[in-house]
Amino acid sequence: MAEVLVYVDHVDGAVRKPTLELLTLARRVGEPVAVALGDGAAETAAVLAEHGAVKVLTHEAAEYADYLVVPKVDALQAAVAAVSAGGSLAAVLVPSSAEGKEIAARLALRLGSGLITDAVDLEAGDSGPVATQSVFAASFTTKSRVSRGTAVITVKPNSAAVEAAPAAGAVEALAVSFSEQATGTKVTSRTPRESTGRPELTEAAIVVSGGRGVNGAENFAIIEALADSLGAAVGASRAAVDAGWYPHTSQVGQTGKSVSPQLYIASGISGAIQHRAGMQTSKTIVAINKDAEAPIFELVDYGVVGDLFDVVPALTEEVKARKG
């Protein structure tokens with residue numbers, strides 16, 4: 001069976017959830033081979049093996065932290081060469097983050113291969129992996145495959161369930177020679193993001209978002225209260241962000257972040273096309289809006305026509321009561 005390279009997104013050895021989802025998808029089309037880079041790379045092996053990695057290629061070097069993107073591209077290119085030399089390679093899978101998509105694009109260019117971004121599903125095909133995408137502001141669903149070279153595919157978070165599938169997970173050192181371009185852009189400083197204790201927006205299983213109807217920064221407290229009762233992330237529409245009611249880092253939409261949670265709750269959001277583009281692939285969508293004609297109701301699974309200042313606190317209390 002052909003092997004599938006999976007780029008490991010981790011922080012000092014702690015593997016992030018989108019990588020484990022990639023391993024689930026990789027097993028559908030071949031044997032997963034994980035590539036872990038930077039500090040703590042070797043410490044990822046146990047978790048990766050537990051979720052199906054038959055092999056873990058590791059390489060630690062200061063360049064991965066000190067310089068942007070290119071050292072990781074160099075390493076993935078080396079991994080492609082190493083795996084291809086010993087057998088067949090079906091695809092390279094990368095999490096669909098901003099950095100992940102840049103890594104994937106640069107790698108595809110170097111390999112002379114086709115690139116598919118923001119896939120939401122992956123399956124085996126007669127001529128290679130077939131990826132499902134949600135395109136044109138989520139108005140269409142397409143299936144496509146790379147017709148030239150080794151497929152390089154980025155996959156959106158929450159596209160697959162995390163499944164345990166114990167495998168060998170043999171750790172092997174990856175030989176990497178950095179290119180001249182590797183040191184082209186140096187990281188000069190880092191500022192840790194202030195923790196809210198909530199899940200990362202793009203990775204969360206549940207997202208609760210507020211829009212223009214929240215009517216002020218001080219009123220986002222009721223959105224946060226519902227989110228906290230559900231263990232959810234908090235999002236915001238562009239209107240709320242532009243008004244200064246919530247940070248831009250929490251904006252959901254075409255000009256913000258794209259999310260695909262199991263449950264998306266939109267409160268006081270009309271449903272403009274640019275917002276829909278960032279959340280329409282959510283598995284279940286619930287909208288709360290006092291305007292029964294709001295466009296958001298065209299795509300929801302459940303809709304509540306009512307004042308969010310009545311509905312959201314009541315929903316929060318009900319969730320807390322059911323949780324005991």
Side-chain angles (χ1 to χ4, degrees), residues 9 11 16-18 21 95-102 117-118 120 134 137-138 154-159 190-289 294-296 299-300 304 308-309 311-313 315-316 319:
D9 185 5
V11 179
R16 298 182 67 177
K17 180 170 165 274
E21 295 168 1
S96 218
S97 61
E99 181 186 64
K101 283 188 276 192
E102 183 172 356
T117 59
D118 289 336
V120 296
S134 182
T154 74
V155 181
K156 293 178 70 173
N158 292 313
S159 294
R190 281 188 172 84
T191 303
R193 183 175 56 193
E194 186 175 337
S195 176
T196 63
R198 301 187 184 101
E200 163 63 32
L201 181 59
T202 57
E203 300 174 14
I206 305 174
V207 174
V208 180
S209 287
R212 192 189 303 274
V214 176
N215 200 31
E218 67 280 2
N219 295 327
F220 257 88
I222 66 170
I223 304 298
E224 293 176 334
L226 176 57
D228 291 342
S229 72
L230 293 167
V234 176
S237 70
R238 186 175 70 180
V241 169
D242 287 349
W245 299 343
Y246 220 68
H248 177 73
T249 52
S250 296
Q251 182 183 331
V252 174
Q254 202 160 25
T255 55
K257 292 182 178 178
S258 180
V259 300
S260 188
Q262 297 298 314
L263 173 62
Y264 187 88
I265 301 176
S267 304
I269 296 175
S270 64
I273 187 64
Q274 79 86 25
H275 184 77
R276 294 165 63 157
M279 47 65 74
Q280 196 162 335
T281 56
S282 303
K283 309 304 182 291
T284 301
I285 301 172
V286 177
I288 302 166
N289 200 300
I296 192 76
L299 63 113
V300 301
V304 180
L308 71 88
F309 294 103
V311 176
V312 173
L315 180 55
T316 302
V319 170

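Numbers here simply count residues along the sequence, with the first being 1. Note that the structure is predicted; figures quoted are calculated from it, not measured.
Contact detail for Leu201 and Ala233: the closest heavy-atom pair is CA-CB, 3.9 Å. The minimum heavy-atom distance linking Gly100 with Thr154 is given by the pair O-CG2, 4.2 Å. Closest non-hydrogen pair, Ser260 versus Pro157, comes out as CB-O, 3.9 Å. Annotation for Pro199 and Ala232: closest pair CD-O, 3.5 Å, computed over non-hydrogen atoms. Summarising the geometry of Val207 relative to Gly235, their closest heavy-atom pair is CG1-N, 4.2 Å, with the distance given to 0.1 Å.
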Note to self: Quick one, Leu299 with Met279, criterion side chain to side chain contact (heavy atoms under 4.5 Å, CB included). Give me CA distance, side-chain angles, the key distance, then yes/no.
What the structure shows: CA-CA 10 Å; Leu299 63 113; Met279 47 65 74; 3.9 Å; yes
Next item on the list: For the pair Ser250 and Val234, evaluate side chain to side chain contact (heavy atoms under 4.5 Å, CB included) and give the outcome as yes or no after the intermediate values.
Entry: CA-CA 7 Å; Ser250 296; Val234 176; 5.7 Å; no
Next item on the list: Output, in order, the C-alpha distance, side-chain angles, deciding distance and verdict of side chain to side chain contact (heavy atoms under 4.5 Å, CB included) for Asn158 and Thr281.
Entry: CA-CA 10 Å; Asn158 292 313; Thr281 56; over 6 Å; no
Item checked: Gln254 and Arg238: CA distance, side-chain angles, deciding distance, side chain to side chain contact (heavy atoms under 4.5 Å, CB included) verdict -> CA-CA 9 Å; Gln254 202 160 25; Arg238 186 175 70 180; over 6 Å; no
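In this structure, Leu226 and Leu315 have side chains that are in contact, with non-hydrogen atoms separated by less than 4.5 Å. Within the 4.5 Å cutoff, the side chain of His275 has heavy atoms near those of the Val252 side chain. Contact check for Ile206 versus Pro261: no side-chain heavy atoms found under the 4.5 Å cut-off.
Within the structure, salt bridge (charged side-chain N to carboxylate O under 4.0 Å, His left out) pairs that include any residue of residues 251-273 comprise Glu200-Lys257 (at least two apart or interchain). Sorted by first and then second residue, the ring pair (Phe, Tyr, Trp, His ring centres under 6.0 Å) pairs with a member in residues 196-217 form an empty list; sequence neighbours excluded.
Put simply, CZ on Arg276 and OG on Ser270 are 9.5 Å apart, with the number rounded to the nearest 0.5 Å. In this structure, Thr117 OG1 and Glu102 CD are separated by 13.5 Å, a value rounded to the nearest 0.5 Å. Between the CG atom in Asp9 and the OG atom in Ser96 there is a gap of 11.5 Å [rounded to 0.5 Å].
Just one residue in the list Ile223, Thr284, Ile288 forms a side-chain contact (heavy atoms from CB on, under 4.5 Å) with Ile265, and that residue is Ile288. The side-chain hydrogen bond (donor to acceptor under 3.5 Å, both in side chains) with Glu203 is formed by just one residue from the set Arg16, Lys17, Lys156; it is Arg16.
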Would you list the atom pairs, donor with acceptor, under 3.5 Å between side chains in residues 209-221 and any protein atom, with sequence neighbours excluded?
residue: Ser209; atom: OG; partner: Tyr264; partner atom: OH; Å: 2.8
residue: Asn219; atom: ND2; partner: Val214; partner atom: O; Å: 2.9
residue: Asn219; atom: ND2; partner: Asn215; partner atom: O; Å: 3.1

